[in-house]
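First comes the structure, then the notes that go with it.
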Amino acid sequence: MPDRTCVAGMNAQRKSFRREGEDFRRRELVEATLTCIATLGMERTTVREIAIKAGVTAGLIRHYFSSKEELVLAAYSHYVGQMAAQSRQTVKGVSANPLIQLAAFVKTNLSAPVVDQTNLSLWASFIETIRTNPAMAAIHLEGYHGYRSDAEALISAAFASCCRAVSPEHVRRMGISLNAIIDGLWLEGSMSQGEFADGELARIGIEAASALLGIDLQKADMK
């Protein structure tokens, strides 16, 4: 009589392996889509161009994604998630000091590879679709809220470490303002990378954040 436990285990392993393989293939297609959008623009990015970039057939793409729109949505969601994960990972890897963490948050978002012309090209290509596509707008809003939530948590911890009691509304306003500072400097840096010395944008951002919050993050950045 066959060992059903063993057979079930083998089937589970096969399913897991297949799922991991499919996840890897989907990620490859998503990354090929981002490359095409960055180099060709949204209009010229077609399923055929994505297939060529990924080294697969258009038929295989349709096995995973029913349309270009579905693939573009997946690509944008992946892109937003990557950017957020990179920022969080950097903050996690520094000191537990809230001021150092907040300085690292600003610095990471105003340094390479975040400040980059490829990211600028992607942003410029996606922005029009965000305006006209409700599904894309929902992904954008979720990413924005997540990013701002991270910023607000760091700001709140920084105020607490300085023994300053502030209201949630004040933290919210500071989060919105800090996001605007970072966005503006990111855009300027990505458009004119040759204009700035290494680390200059990050230093300007930390200086502006210090003035906004009334907390000296410049000393924290030097630690």
Side-chain angles (χ1 to χ4, degrees), residues 1-93 105 108-109 111-151 153 186 190:
M1 186 174 180
D3 185 342
R4 293 182 179 176
T5 304
C6 182
V7 171
M10 290 174 65
N11 287 339
Q13 285 182 339
R14 287 195 193 100
K15 287 179 181 178
S16 176
F17 179 77
R18 190 182 308 119
R19 185 169 58 251
E20 287 173 3
E22 289 181 352
D23 289 346
F24 177 75
R25 177 61 74 188
R26 285 175 66 89
R27 189 165 62 251
E28 279 192 324
L29 296 177
V30 159
E31 288 172 356
T33 302
L34 289 171
T35 300
C36 286
I37 292 172
T39 54
L40 302 173
M42 190 67 75
E43 289 299 320
R44 291 172 57 201
T45 293
T46 62
V47 171
R48 181 175 179 275
E49 291 291 347
I50 295 167
I52 292 170
K53 176 59 67 177
V56 301
T57 65
L60 181 66
I61 290 180
R62 293 189 182 94
H63 172 73
Y64 292 97
F65 299 95
S66 62
S67 64
K68 172 189 167 180
E69 179 182 351
E70 184 183 351
L71 184 46
V72 168
L73 286 172
Y76 184 57
S77 180
H78 177 74
Y79 172 70
V80 169
Q82 263 192 329
M83 299 292 278
Q86 184 174 340
S87 176
R88 288 167 188 158
Q89 187 175 2
T90 300
V91 169
K92 259 180 149 182
F105 177 82
T108 268
N109 285 288
S111 305
V114 177
V115 177
D116 178 76
Q117 290 185 340
T118 297
N119 282 331
L120 177 63
S121 296
L122 284 169
W123 176 82
S125 295
F126 281 127
I127 197 70
E128 179 62 19
T129 310
I130 290 167
R131 189 182 68 81
T132 59
N133 185 313
M136 185 78 80
I139 294 170
H140 173 74
L141 192 60
E142 182 180 359
Y144 170 69
H145 283 161
Y147 181 87
R148 223 182 70 201
S149 177
D150 289 347
W186 172 83
S190 296

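The structure presented is a predicted model; accordingly, all values stated were derived computationally and were not measured.
The two residues Trp186 and Asn109 have their closest heavy-atom pair at CD1-O, 4.1 Å. The nearest pair of heavy atoms linking Thr108 to Val114 is O-CG2, 3.5 Å. What you find for Ser125 and Met42 is that their closest heavy atoms are O-CE, 3.7 Å.
Residues passing the side-chain contact (heavy atoms from CB on, under 4.5 Å) test with Met136, sequence neighbours excluded: Val72, Leu73, Tyr76, Phe126, Thr129, Ile130, Asn133. Tyr147 is linked by a ring pair (Phe, Tyr, Trp, His ring centres under 6.0 Å) to Phe105, counting only residues two or more places apart in sequence or in another chain.
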Distance-only criterion, 3.5 Å: show the donor-acceptor pairs between side-chain atoms of residues 26-34 and protein atoms not counting sequence neighbours.
unit_1 : atom_1 : unit_2 : atom_2 : d
Arg26  : NH1    : Tyr64  : O      : 3.2
Glu28  : OE1    : Arg25  : NH1    : 2.9
Thr33  : OG1    : Leu29  : O      : 2.8

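Among the candidates Glu69, Glu70, Lys68, His63, the single residue satisfying the side chain to side chain donor-acceptor pair (under 3.5 Å) test with Ser66 is Glu70.
The shortest distance between side-chain heavy atoms of Lys53 and Thr39 does not fall below 4.5 Å. You'll find the side chain of Ser190 stays beyond 4.5 Å of the side chain of Asn119, heavy atoms only.
The structure places OG1 of Thr46 at 11.0 Å from CG of Leu71, a figure rounded to the nearest 0.5 Å. Put simply, SG on Cys36 and CG on Leu122 are 11.0 Å apart, with the number rounded to the nearest 0.5 Å. Here the CG-CZ distance, from Leu60 to Phe65, works out to 10.0 Å after rounding to the nearest 0.5 Å. The distance from the CD atom of Gln82 to the OG atom of Ser77 is 10.5 Å, given to the nearest 0.5 Å. Taken from CG in Leu141 to CZ in Arg148, the straight-line distance is 9.5 Å, to the nearest 0.5 Å.
Ser149 places no side-chain N or O within donor-acceptor distance of the main-chain N or O of His145, the cut-off being under 3.5 Å.
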